Amino acid sequence: MRTGKIAGILSVLMFCVSLLCSASVGSAADVSLSYANFPPAKTFPCVQMERWKQEVEKRTNGKVQVQTYPGSTLLGAKNTLRGVMQGQADIGCVSLAYHPGVFPLCSVFELPLGFTSSTSASLALWDLYMKYQPKEFRKFKVLTMFTSAPSNLMTKTPVRTLADLKGLEVRASGILSKILESLGATPVSMPMSATPEALQKGVVKGLFSSFEVLKDLNFAEICRYETKTDTAVYPFAIIMNKNSWNALPDDVKKVLNDLGREQAEWTGKYMDEHVTRSLAWAKDKYSIEMIELSDADMKAIKDKTLPLIDDWKKKAAAKDIDGAAVLSDVEASRVKYEK
Ligand code: DTR
């Protein structure tokens, strides 16, 4: 009898201890979100994703847990829109230029509008989205938006004049492919994630993008010549599945909404600083050559790409978008943020 009683007391004690232990470990997150991203983890769209994850988990006191999937491990560049709409991921990163015609309003940011930094372009893009709430995003909740830094040429052979660009196969996407075409190059449109193989195989002789990829994707090893054009940026949107958004508690929605503009600015600043670091790294490691075009060629770039703005306005009008008003708002933001 005595032994039985002791065993009974011990089992009750062990049960209580196990209850205490589970409480001290902390309850599991109430909300778990999956976040898909197409480029490799060290590229800026993924760096900003990890910062967003940290801030969300911190500001919700662990109530929300974000599982990130860089490098197309959950959704690739071309199937993120559909994947997030269908709920294969709660959140996804979209480079608008990969979807020609899908974003008639926000594609304005693919035009050569004179932005000199990702910070100013990212803030202007977020302001434009918040003002117009464009219907092109009506199926999603947009958590933030940002842009690359201005685009430049990174090539295997030197492009010292616009004449050197004639017929050169260069990787780009969206309206930036049309910019290349207007300058006499042969644009080859593809997502950034497909670019390393295209460069290795010689399908393209260079790319048209922001300079940080010289480091983040080690393009400096194969593209030793960098021609400064400092023209259009590539706009991005971080989108969320509408049902996933609607299921969030109000306090979590507030955290995510408060992060919208803040994340746009953080990403812009990160991008601009990282371009500087990446160029220094590439000069040191691969002795890349920085090439400045003549004033005449830089003027020719402006003149040859100007018609793309009218083309964009015509396409916008076909979608009942007042292109002139949008361009005027973007220019006002550019002046405001580039002071
Ligand atoms: N080239 C544009 C924008 C871009 C710039 N850096 C990266 C890094 C990873 C993905 C995209 C980009 C583009 O392809 O979207």
Side-chain angles (χ1 to χ4, degrees), residues 35-51 68-81 92-100 102-103 106-107 109-112 115 117-119 121-122 125 144-155 170-180 185 187-199 203-204 206-220 222-223 226-227 229-239 264 267-279 281-282:
Y35 189 153
N37 222 319
F38 64 93
K42 60 174 71 171
T43 61
F44 91 101
C46 293
V47 171
Q48 71 76 34
M49 168 174 72
E50 295 304 328
R51 187 259 176 182
T68 56
Y69 295 89
S72 298
T73 46
L74 180 55
L75 292 173
K78 290 283 191 179
N79 60 7
T80 298
L81 274 177
C93 173
V94 176
S95 175
L96 308 193
Y98 298 176
H99 306 278
V102 175
F103 302 101
C106 288
S107 58
F109 269 84
E110 295 171 44
L111 292 170
F115 282 97
S117 75
S118 172
T119 304
S122 297
L125 173 58
T144 192
M145 297 182 87
F146 48 80
T147 76
S148 70
S151 296
N152 297 281
L153 289 164
M154 294 162 265
T155 50
V170 180
R171 175 270 169 198
S173 46
I175 297 178
L176 286 99
S177 293
K178 296 186 185 306
I179 291 176
L180 283 178
V188 182
S189 299
M190 66 182 76
M192 183 60 87
S193 27
T195 307
E197 186 181 357
L199 281 168
V203 169
V204 293
L207 70 149
F208 189 44
S209 183
S210 40
F211 276 141
E212 93 293 340
V213 292
L214 290 169
K215 181 173 190 296
D216 291 350
L217 292 167
N218 200 38
F219 286 157
I222 194 165
C223 297
E226 328 310 343
T227 303
T229 51
D230 275 343
T231 182
V233 299
Y234 286 84
F236 289 74
I238 303 303
I239 57 172
T267 305
K269 286 181 177 171
Y270 168 81
M271 181 54 150
D272 291 329
E273 290 159 7
H274 195 52
V275 163
T276 305
R277 284 194 299 269
S278 299
L279 283 169
W281 175 87

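When a ligand or atom number is given, it counts from 1 through the structure's own listing order. None of these values were measured; they are calculated from a predicted model.
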message: Tell me if a side-chain donor or acceptor on T119 pairs with a main-chain N or O of K269 at a distance below 3.5 Å.
response: yes
message: Under 4.0 Å from a heavy atom of F236: which atoms of ligand 1 are those, numbered in the order shown and with their elements?
response: 3 (C), 4 (C), 11 (C), 12 (C), 15 (O)
- prompt: Can you find an N or O of Y98 that's nearer than 3.5 Å to an N or O of ligand 1?
  reply: yes
field: Part of R171 with heavy atoms under 4.0 Å of ligand 1, whether side chain, backbone, both or neither
entry: side chain
message: Checking the side chain of T147 only, and the main-chain atoms of P235 only, is there a donor and an acceptor separated by less than 3.5 Å?
response: no
message: Within ligand 1, which atoms have a heavy atom of Y234 less than 4.0 Å away?
response: 1 (N), 2 (C), 3 (C), 13 (C), 15 (O)
- prompt: Under 4.0 Å from any heavy atom of S210, which atoms of ligand 1 are there?
  reply: 5 (C), 6 (N)
message: Taking a cutoff of less than 4.0 Å between a non-hydrogen atom of the residue and any ligand atom, is A97 in contact with ligand 1?
response: no
query: Any idea which of S209, S193, S95, P235 brings a heavy atom closest to atom 4 (C) of ligand 1?
result: S209
- line: Here the gap from S193 atom OG to Y98 atom OH, rounded to the nearest 0.5 Å, amounts to 5.5 Å
- prompt: Looking only at non-hydrogen atoms, which of E212, M271, E110 approaches atom 6 (N) of ligand 1 most closely?
  reply: E212
message: Heavy atoms only, cut-off 4.0 Å: how does L217 contact ligand 1, side chain, backbone, both, or neither?
response: neither
query: Once the angle between the rings of H274 and Y270 is folded into 0 to 90°, is it parallel (under 30°), tilted (30 to 60°) or perpendicular (over 60°)?
result: parallel
- prompt: Looking at P39, which atoms of ligand 1 are within less than 4.0 Å of one of its heavy atoms?
  reply: 9 (C), 10 (C)
V233 vs P150 side-chain heavy atoms within contact, under 4.5 Å: yes
query: Is T229 reaching over with its side chain to a backbone N or O of S151, donor-acceptor style, under 3.5 angstrom?
result: yes
Ring geometry between F236 and F146 (parallel below 30°, tilted from 30 to 60°, perpendicular above 60°): parallel
